[in-house]
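Just so you know, ligand 1 is whichever comes first in the structure, and atom 1 is the first atom listed for that ligand. When reading the values below, keep in mind they use all heavy atoms of this one structure, side chains included, and skip hydrogens, waters and symmetry mates. Every value quoted in this text rests on a predicted model; they were computed, and no experiment measured them.
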Amino acid sequence: MSEYKDIWVFVEQREQKLMNVSLEILGEARRLADKKGVKACAVLVGYEVKGLAEELIKYGADVVYVIDHPLLKNYTTDAYTKVICDLANSLKPEVILYGATYIGRDLAPRIAARMRTGLTADCTALDIDENGLLLQIRPAFGGNLIATIICPERRPQMATIRPGVMKKALMDEGRRGEVIEIKPVIEEKDIRTEIISIIKEARQKVNLEEADIIVSGGRGIGGPEGFKLIEELAEVLGGVVGASRAAVEAGWISSDHQVGQTGKTVRPKLYIACGISGAIQHIAGMGGAKTIVAINKNPDAPIFKIADYGIVGDLFKVIPALIEEIKEAKKKAMA
Ligand SMILES: Cc1cc2nc3c(=O)[nH]c(=O)nc-3n(C[C@H](O)[C@H](O)[C@H](O)COP(=O)(O)OP(=O)(O)OC[C@H]3O[C@@H](n4cnc5c(N)ncnc54)[C@H](O)[C@@H]3O)c2cc1C
């Protein structure tokens, strides 16, 4: 077991652009590696991606393994599993971390089965215990239980990490690291899937994870028209619109707006919860916001327990008044 060392992060890139989740996990890997006194390594897989290696070093990697090959241009389970398992079998990392994205959730279990090791899905926190084991922490049973899972006897210890829960490390232009190019052994016959075409969504993506200001609506807004009010408030504040699952399930807004355990995890500067009761599964996705404002007609709603500012009242009266005030304040600021 002692031959296993270092913490690896599988780095996702799309069209030669690093995904935020990978930088978030790299920041966490840096912290864990420092705690254990080992290296944080980034595993960058793709085609003509070497140019991204320096950026990964600036974000905290000590070593970047670049696995570059035309057959790795687009993600396929077969190819990525093979090249990562080959590298892990030869270099023996103690830990491998992945983003819990569509790709990470597809890849990590395949690697875990092939390497006969343990995997925890969708972690929201990680740590190292006194024996140096990776603590893999995730909500279970609808968020009513927090499970801490360890993998004491198999290596590498592996986890997928939910996007948005870890903070990206700060970029440090002065950081130095090593870039190691790996020549993968991969042939066309190793890949059983054929990509016929890649369809990019035409609809505008809601970028909740990167928004500084989010105005969210819940069941309390009463119907799809209620979101017009939410949108208006978001617009005057320069923010984006979020929603509770109750609002999404009612069909009032599309699921890409959903915040919470089964939706997005967000960390804005300002989160305004309108007509949202504050169920634990909702809070799981927005409790990390810097400032939380709650508007709810029920003074006993649990959302007020975590709100920095609370307004008890009917949102159909409160929000238009707020919009007016904000517009006024903006006008004054311009004058
Ligand atoms: C496994 C699992 C996963 C889940 N994942 C998520 C998730 O990702 N995200 C999520 O949000 N939920 C999730 N849920 C659902 C969650 O438990 C709650 O049911 C949901 O968050 C409730 O949404 P809500 O607050 O909009 O509705 P409600 O709980 O019905 O709250 C509505 C609130 O609006 C207030 N209100 C009503 N009218 C007005 C008015 N005119 N003015 C002001 N206030 C008003 C009420 O006082 C009330 O507090 C999950 C549940 C499970 C079991």
Looking at [X], which atoms of ligand 1 are within less than 4.0 Å of one of its heavy atoms?
| X | value |
| --- | --- |
| Gly263 | 8 (O) |
| His282 | 10 (C), 11 (O), 21 (O) |
| Gln261 | 7 (C), 8 (O) |

Candidate with minimal heavy-atom separation from [atom], of [options]:
| atom | options | answer |
| --- | --- | --- |
| atom 43 (C) of ligand 1 | Glu249, Gln281, Lys297 | Lys297 |
| atom 49 (O) of ligand 1 | Asn296, Asn298, Ile221 | Asn296 |
| atom 22 (C) of ligand 1 | Ala246, Pro299, Pro302, Ser255 | Ala246 |

Before accepting this row, confirm whether a basic side-chain N of the pair [X]/[Y] lies closer than 4.0 Å to the acidic partner's carboxylate O.
| X | Y | answer |
| --- | --- | --- |
| Arg30 | Asp34 | yes |
| Glu24 | Lys167 | no |
| Asp78 | Arg192 | yes |
| Lys183 | Asp68 | no |
| Asp62 | Arg176 | no |

(Q) Below a 4.0 angstrom heavy-atom separation, can you tell me which part of Ala279, side chain or backbone, both or neither, approaches ligand 1? (A)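 The part of Ala279 near ligand 1 is the side chain, not the backbone.
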key: ligand 1 contact on Val259 by region, counting heavy-atom pairs under 4.0 Å   =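 Contact part for Val259 vs ligand 1: backbone (N, CA, C, O).
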Please verify whether a non-hydrogen atom of Gly313 lies at under 4.0 Å from ligand 1.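 In this structure, Gly313 qualifies as a contact of ligand 1 - some heavy atom is under 4.0 Å.
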Leu170 atom CG, over 12 foreign heavy atoms within 6.0 Å
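Open: at most 12 neighbouring heavy atoms sit under 6.0 Å from CG of Leu170.
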Review point. Just checking, any donor-acceptor pair under 3.5 angstrom between side chains of Ser254 and Asp256?
Key: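 Per modelled atom types, Ser254 and Asp256 side chains form a pair under 3.5 Å.
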**Geometric N/O contact Ala247 with ligand 1, under 3.5 angstrom** = no
